[in-house]
**Student:** 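Below is one structure. I have some questions about it.
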Amino acid sequence: MNSTHPLFSFCYFVAIIALTMCALQPLIGAVSLASALIYLLVLKGPRPALRMLAMALAVILIVVCFQMLTSHLGNTVLFCIGSSRYTLEALLAGLSMAEMLTAVIIWFSCYQEAVGADRFLSLFSRFLPTTSMMVSMVFNYVPGMMRRARQVSDAYKAIAPSLVDDTAADRGTAINRRSSRGILERLRWPVRLSSVLMGWSMETGLIAAASMRARGYGTQRRTSYLLLSWTFRDGVLSAVVAVLVAAAIVCEVQLMDGFGFYPEIGSFGGFWQYLPGAALMCFPVIYEGGVRLRWRLSKF
Amino acid sequence: MAAVEILDFSFSYPVQTAGSGFQALSQVRMRVESGSFMLLAGMTGSGKSTLMRCLKAELAPMGERSGSIRVFGQELVFDMAVSSRQAADIGYVLQDPEAQIVMDSVWHELAFGLENIGASQHEMQRRIAETASFFGINNWFDRKTADLSGGQKQLLNLASIMVMQPRLLLLDEPTAQLDPLATKEFLTALHRVSQELGVTVMIIEHNLEEVAPLVDEVAFIANRSVAFQGSFQGFIDYCSRCQTEYLPALPAATQLAHLVCPDSRPLPLTVRDGREWLFRRLKERSNLHTEVPADKSPTLGPIPGLSAASASDTEPLLKIHRAWFAYERTVAPVLRDLSLQLKPGGIYGIIGTNGSGKSTLLSLLAGIRKPQRGNVKRLRGLISAALPQDPKALFNQPTLRQELADNGNGGQHSDDRLAYWLERYKLTDMQERHPYDLSGGEQQKAALIKLLLRQPQLLLLDEPTKGLDAFTKADLLGVLRGLAAEGKSIVIVSHDLEFVASVADDCSMLFNGTLVGSGDAREFFAGNLFYTTAIYRITRGLLEGCVRLQDVYPHVS
């Protein structure tokens with residue numbers, strides 16, 4: 001997905017996330033969650049994937065417990081505590097919700113890694129050159145601003161530590177001192193920091209403006225430089241994905257039509273109805289695997 | 001063919017700005033040949049920056065203009081809606097490497113100018129490819145601009161001007177914010193632009209040590225007009241006759257030669273030529289007078305007031321014991337097993353290349369950061385104050401006076417103490433100005449006053465000479481020596497070897513996370529071969545123990 005055209009990658013992720021969000025059903029959710037995790041593993045390696053898995057399990061546990069405690073609908077009683085019934089239906093509803101939630105989160109982080117903001121924005125540079133330029137400027141501005149903020153806070157820590165750090169002022173003094181520090185006094189540092197930063201940023205802004213004008217900004221309509229172009233391969237991939245998406249939508253509509261949680265779990269449908277969706281969601285992993293395999297083979 | 005022809009050009013600032021309207025340039029006449037590399041020199045505030053900005057119509061200051069400026073035979077158009085042709089033809093590189101960068105990625109920054117002038121995609125790809133290859137940017141072409149080093153940023157600024165294929169390149173102190181290594185790299189690239197592409201270059205630069213060998217022509221701006229124009233040798237002549245206050249800005253070899261034998265011509269510019277010149281001079285002299293050979297001159301004596309005995313019985317102000325520091329657990333530590341004892345009194349210089357951890361060490365001394373292993377012991381009741389690399393990190397008031405009066409804790413410093421420091425550092429006339437309207441050196445001094453009003457025993461200075469010219473450095477040197485004489489302890493971390501050599505009593509080098517070679521500053525610099533002052537590199541083996549220019553006096557008188 002990171003070697004394809006961003007338009008293709010972007011549309012793919014939109015489709016995947018939409019399909020996941022529209023299907024509140026435990027099996028579709030499980031398929032989506034599993035493929036998202038595998039793709040994350042491929043993209044970022046085992047450590048972040050494991051961390052995500054732990055996060056997903058924790059979310060699932062919490063949401064399932066919450067759902068079972070609050071919803072007592074459904075006919076299949078698993079167990080009773082006192083007069084409360086805890087049902088399989090509530091458990092599965094909670095599971096579906098948690099799966100959907102975590103799958104979407106993980107798909108987004110895959111998107112961040114595979115497409116990212118700048119590749120996404122490069123899509124628009126042709127149609128909205130000024131807007132995409134401004135967004136790029138903001139992306140450049142933020143790290144510089146953060147660095148300046150660190151410099152300011154270091155500079156003040158070295159001459160007036162009590163101003164920067166509340167705890168430094170309170171350290172070694174009576175606890176009631178803390179409560180006596182009024183809101184105004186507490187706000188002094190943020191106010192100071194932002195005022196120093198404001199002045200400094202305006203100064204750098206002037207230089208940036210000079211540098212833009214020096215390079216002919218505003219003399220005529222801007223054109224745009226694109227690193228990416230739509231290739232034949234992107235066309236083929238789009239066609240495959242489009243077919244899969246269409247099939248997945250048809251199957252998902254059918255699946256969801258016969259499905260409901262309450263009062264009893266509906267039909268899960270046939271095994272083949274999950275195939276298009278699964279194929280679609282595993283598509284990047286399969287594609288990536290193919291690329292790697294070909295690379296391996298080409299070395300011999 | 002003339003690249004630039006200036007005929008009777010005058011310029012005055014309007015009355016509103018800077019308090020009063022004043023004439024910055026009057027009747028300037030100048031001609032710059034196409035393809036030449038010209039240095040625009042002058043004292044601080046002589047109007048050289050104004051002149052350079054007037055050559056770049058898009059950046060020309062507001063004010064009254066008269067006379068004419070022709071660039072490549074075409075009259076300059078001073079219109080806000082300037083043609084893109086003129087914008088591309090005249091390139092302008094500013095001082096601040098970071099603030100000039102507009103886009104978030106390297107490739108987009110390179111494309112920015114071409115996008116502005118409406119180049120086609122095909123044209124852009126080709127030009128960017130060749131420019132990136134010329135400047136060796138291809139290795140970091142896909143990086144984010146925020147992750148680049150200062151040197152890379154300035155190189156990118158030059159490249160993203162060069163991609164527009166200018167015929168005249170204007171640079172206003174492009175290396176002032178760079179470390180020595182990045183300065184050399186930048187000037188090498190600039191020299192290639194001039195030599196290999198024949199682009200006409202005009203540069204304002206304080207770092208004559210590096211620039212002098214590259215220069216074809218010098219124009220000296222004084223009294224609002226061009227006082228001198230000619231070759232660098234002619235310029236040295238002119239300086240020794242009419243502009244002796246500019247001499248400290250000249251390369252070390254030139255200064256040394258001028259000191260030893262002012263009438264000799266030509267004077268050397270580089271260390272190599274300086275050594276050769278000095279060798280010949282000494283040989284002639286020993287032939288004539290059969291003098292004692294130079295290498296038998298007395299060796300270094302101890303520096304008064306800093307004998308080892310007196311230092312050892314006082315308690316150290318600050319003690320770092322086997323400190324380790326890393327910014328992140330997974331990243332290699334910046335400081336490893338570093339120990340340091342700071343005795344009261346005197347100036348202590350810590351030198352090292354960029355990224356050696358100098359600023360980190362300073363932040364440990366200042367108490368901004370704590371080591372993960374080892375400890376920092378401060379003398380009870382020690383007040384220290386640290387001067388940040390960029391004084392702008394401290395300023396937040398509309399006038400200098402309010403800025404300094406504000407003590408950071410909601411209170412005010414007393415007026416008479418404020419007046420004393422303002423007077424002492426000659427800032428009294430500036431006190432109603434905005435701190436940002438001060439020059440670099442004045443900002444530095446203003447920040448220093450802000451620290452001194454807290455009455456610290458220990459002053460910590462991070463790269464205090466960054467962006468300062470030779471005269472301002474000399475001024476700062478006097479300021480620091482004065483404070484040291486009053487009993488303040490000062491620690492300077494810097495990559496400016498010349499400055500540390502002339503100001504510090506003791507010196508260490510920070511390398512690979514620890515301090516090496518700690519000792520008396522003169523002995524330190526006289527013990528190094530590469531990492532030492534230009535004067536020492538010129539005189540090594542010829543005149544004994546000369547680290548600074550003033551060390552040479554006894555040998556010549």
Side-chain angles (χ1 to χ4, degrees), chain A residues 117-118 122 125 129 133 135-144 146-148 151-163 184-185 188 192-200 202-227, chain B residues 56 58-59 81-84 87-88 90-92 94 96 98-105 107-108 111-121 124-125 128 144-147 157 160-161 164 363 366-368 384-386 388-390 392-396 407-410 436 450-451 454 460:
Chain A
D118 52 337
S122 68
S125 57
M133 184 196 80
V135 175
S136 177
M137 284 176 72
V138 170
F139 277 114
N140 175 42
Y141 179 75
V142 171
M146 302 293 277
R147 188 165 46 241
R148 282 194 291 275
Q151 281 174 2
V152 174
S153 110
D154 276 1
Y156 272 92
K157 261 187 218 162
I159 64 163
S162 59
L163 175 71
L184 272 181
E185 222 169 320
R188 230 167 52 205
R192 168 70 59 109
L193 177 66
S194 49
S195 108
V196 175
L197 268 184
M198 199 91 81
W200 199 353
M202 273 198 257
E203 187 77 2
T204 55
L206 284 178
I207 299 170
S211 148
M212 285 169 76
R213 249 181 303 147
R215 283 182 282 165
Y217 181 71
T219 50
Q220 65 183 84
R221 192 177 157 73
R222 283 171 59 79
T223 48
S224 112
Y225 171 87
L226 271 177
L227 277 173
Chain B
K56 176 76 182 167
E58 293 82 355
L59 304 184
V82 214
S83 75
S84 53
I90 306 175
Y92 199 102
L94 297 127
D96 191 327
E98 193 180 312
Q100 275 178 86
I101 291 178
V102 182
M103 293 289 132
D104 66 331
S105 52
W107 67 265
H108 208 171
F112 180 76
L114 294 173
E115 291 180 333
N116 286 338
I117 58 170
S120 72
Q121 201 173 330
M124 275 195 253
Q125 282 175 342
I128 288 173
K144 293 278 161 220
T145 47
D147 301 336
N157 286 322
S160 49
I161 299 282
M164 301 176 77
S363 68
I368 300 170
S384 68
Q389 257 189 43
D390 199 326
K392 290 194 189 85
L394 288 172
F395 297 152
N396 80 324
N407 72 2
N409 284 326
Y436 281 9
K450 208 170 158 65
L451 306 190
R454 310 183 68 82
L460 305 161

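Lettering of chains follows the sequences in order, A, B, ..., and the numbering in each one begins at 1.
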**Student:** Can you tell me how far apart CZ (A/R213) and OH (B/Y92) are? Round to the nearest 0.5 Å.
**Tutor:**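 Those atoms lie 11.5 Å apart.
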**Student:** Given that the side chain runs from C-beta out, which part of B/A88 has a heavy atom under 4.5 Å from chain A: side chain, backbone, both or neither?
**Tutor:**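 When you check distances to chain A, no heavy atom of B/A88 falls under 4.5 Å.
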**Student:** Of the listed residues (A/P143, A/G144, A/A158), which shares the most heavy-atom pairs with chain B below a 4.5 Å separation?
**Tutor:**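 That would be A/A158.
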**Student:** First locate atom CD of B/Q121, then atom CD of B/E115, and finally report the distance between them rounded to the nearest 0.5 Å.
**Tutor:**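 Those atoms lie 9.5 Å apart.
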**Student:** Among B/Q389, B/H108, B/M124, B/K144, which has the most heavy-atom pairs under 4.5 Å with chain A?
**Tutor:**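 Of the candidates given, the most pairs with chain A belong to B/M124.
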**Student:** Who among B/D147, B/I90, B/L460, B/I128 has the most heavy-atom pairs with chain A under 4.5 Å?
**Tutor:**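 Most pairs with chain A among the choices: B/I128.
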**Student:** Got a second to check how far B/F112's CZ is from A/S211's OG, nearest 0.5 Å?
**Tutor:**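 So the CZ of B/F112 and the OG of A/S211 are separated by 7.0 Å.
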**Student:** For chain A, which candidate among B/G113, B/A111, B/G118 shows the most heavy-atom pairs at distances under 4.5 Å?
**Tutor:**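 Greatest number of close heavy-atom pairs with chain A: B/G118.
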**Student:** Please report the shortest heavy-atom distance between B/D104 and A/S136, naming the atom on each side.
**Tutor:**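 Taking B/D104 first and A/S136 second, the nearest heavy atoms are OD1-OG, 2.6 Å.
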**Student:** Heavy atoms only, distances under 4.5 angstrom: which of B/S363, B/A366, B/A386 has the most pairs with chain A? Name it, please.
**Tutor:**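 Most heavy-atom pairs under 4.5 Å with chain A: B/A386.
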**Student:** Using 0.5 Å steps for rounding, measure from the OG1 atom of A/T204 to the OH atom of A/Y141.
**Tutor:**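 Rounded to the nearest 0.5 Å, the OG1-OH separation comes out at 6.0 Å.
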**Student:** Find the distance between CE (A/M198) and CG (A/L193) and round it off to the nearest 0.5 Å.
**Tutor:**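 The distance works out to 10.0 Å.
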**Student:** Counting only heavy atoms closer than 4.5 Å, note whether B/F395 contacts chain A via side chain, backbone, both or neither.
**Tutor:**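 Contact with chain A is through the backbone of B/F395 alone.
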**Student:** Please determine, among A/V138, A/V152, A/V196, the option with the most heavy-atom pairs under 4.5 Å with chain B.
**Tutor:**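 Maximum pair count with chain B is reached by A/V196.
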**Student:** Would you confirm whether B/Y436, through its side chain, and A/W200, through its main-chain N or O, come within 3.5 Å as a donor-acceptor pair?
**Tutor:**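 At least one qualifying donor-acceptor pair exists.
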**Student:** Working to the nearest 0.5 Å, report the span between OG of A/S153 and CZ of A/R192.
**Tutor:**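 So the OG of A/S153 and the CZ of A/R192 are separated by 13.0 Å.
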**Student:** With chain A as the partner, which of B/L114, B/D96, B/L451, B/I101 has the greatest number of non-hydrogen pairs under 4.5 Å?
**Tutor:**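 It is B/I101.
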**Student:** For the pair B/V102 and A/Y217, evaluate side chain to side chain contact (heavy atoms under 4.5 Å, CB included) and give the outcome as yes or no after the intermediate values.
**Tutor:** CA-CA 11 Å; B/V102 182; A/Y217 181 71; over 6 Å; no
**Student:** Check whether B/K56 gets within reach of chain A through its side chain, its backbone, both or neither, counting any heavy atom under 4.5 Å.
**Tutor:**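 For B/K56, side-chain heavy atoms alone lie under 4.5 Å from chain A.
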**Student:** A/R148, A/M133, A/Q151, A/R215: which one forms the most heavy-atom pairs within less than 4.5 Å of chain B?
**Tutor:**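 Greatest number of close heavy-atom pairs with chain B: A/R215.
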**Student:** Where does B/E98 contact chain A at under 4.5 Å (heavy atoms): side chain, backbone, both or neither?
**Tutor:**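 When you check distances to chain A, only side chain atoms of B/E98 fall under 4.5 Å.
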**Student:** Which region of B/L94, side chain (C-beta onward) or backbone (N, CA, C, O), has a non-hydrogen atom less than 4.5 Å from a non-hydrogen atom of chain A, or is it both or neither?
**Tutor:**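 Answer is side chain: those atoms of B/L94 sit under 4.5 Å from chain A.
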**Student:** Side chain, backbone, both or neither: which part of B/M164 has a heavy atom under 4.5 Å from chain A?
**Tutor:**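 Just the side chain, heavy atoms under 4.5 Å.
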